[in-house]
Amino acid sequence: MKINPDAPQRPLRFRALRAGKRVLVPTPRLRGGFFLLDPADIAPGHHLAAAGISGFARFGRALPLAEVPAIDLIVMGAVAVSGDGARVGKGEGYAELEYAVLRELGRLRPDVVICTTVHDVQVVDEIPVEPFDVSVDLIATPTRLFATATPYARPPGVLWEYLPAERIAAMPPLAELRDAARPGHAAI
């Protein structure tokens, strides 16, 4: 499963590791790619430390894009979500770019389950949706878990036309994907 690196999902990363699940975690701002936290390589007494941002590099393994595994479940952070699955993050688009990178790599099924954890007050009536936004299928709050039956199509990969060159340069995985897609370059 892929779980975002933000602090609110640390307990979920911990529980996933404790349950024996491998967890793919993007580095903050996607500057360092992805880390794989494999409970087979982490002593049970270190699962909580491994689940924290400072533990990714210490207990995880940095993966080249070519070694990113297939993902069965995605957990995205959210500032707010609507009952129809529209989601807004912190406004910088990193979760969407992480999703897009995984799609470009062919590591996601188009119907991969995407969920979020939020407080009840973060579930709102309506959120505008852009072409690059990634909707959620499941919303977990402290009082309920519900499916959204989201009607929104997810992006098929990186929507390059929305990314300025300096943003691509600041995120090595994006630059690597862009370069691999150019004629004469090796595919990832």
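Positions are given from 1 along the sequence. What you see below is based on every heavy atom in this structure, not just the backbone, and it leaves out hydrogens, waters and symmetry mates.
With hydrogens and angles disregarded, no donor-acceptor distance shorter than 3.5 Å links the side chain of Arg13 to the backbone of His47. Distance alone, capped at 3.5 Å, is enough to place a donor-acceptor pair between the Asp84 side chain and the Ala86 backbone. In this structure, the side chain of Gln122 engages the main chain of Ala78 through a donor-acceptor pair within 3.5 Å. Checking side-chain atoms of Arg103 against main-chain N and O of Pro155 turns up a donor-acceptor pair under 3.5 Å.
Between Leu30 and Pro173 the shortest side-chain heavy-atom distance falls below 4.5 Å. Residues Lys2 and Leu102 form a side-chain contact, since some pair of their non-hydrogen atoms from C-beta on lies under 4.5 Å apart. Between Leu73 and Cys115, some side-chain heavy-atom pair lies under the 4.5 Å cut-off. Residues Phe34 and Val101 have side chains in contact (heavy-atom distance under 4.5 Å, counting atoms from C-beta outward). Side-chain contact between Arg22 and Pro39 is present, with heavy atoms from C-beta onward closer than 4.5 Å.
Ion pairing of Asp133 with Arg154 is absent here, as no side-chain N (NZ or NE/NH1/NH2) approaches a carboxylate O to less than 4.0 Å. Under the 4.0 Å criterion applied to side-chain N and carboxylate O atoms, Arg107 and Glu67 are not assigned as salt-bridge partners.
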Trace of the side-chain contact (heavy atoms from CB on, under 4.5 Å) decision for Thr148 with Leu138: CA-CA 6 Å; Thr148 66; Leu138 294 171; over 6 Å; no
Going through the checks in order, is the side-chain contact (heavy atoms from CB on, under 4.5 Å) test met by Ile139 and Val136? CA-CA 7 Å; Ile139 299 171; Val136 298; 3.9 Å; yes
Checking side-chain contact (heavy atoms from CB on, under 4.5 Å) for the pair Val134/Met76: CA distance, chi angles, key distance, verdict? CA-CA 9 Å; Val134 178; Met76 288 186 159; 3.6 Å; yes
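Put simply, the residue from Leu63, Ile74, Leu37, Ile3 that forms a side chain to side chain contact (heavy atoms under 4.5 Å, CB included) with Leu24 is Leu63.
Within 6.0 Å of CD on Glu126 lie no more than 12 heavy atoms contributed by other residues, nucleotides or ligands.
Both tests pass for Arg167 against the ring of Tyr94: distance under 6.0 Å to the centre and angle within 45° of the axis.
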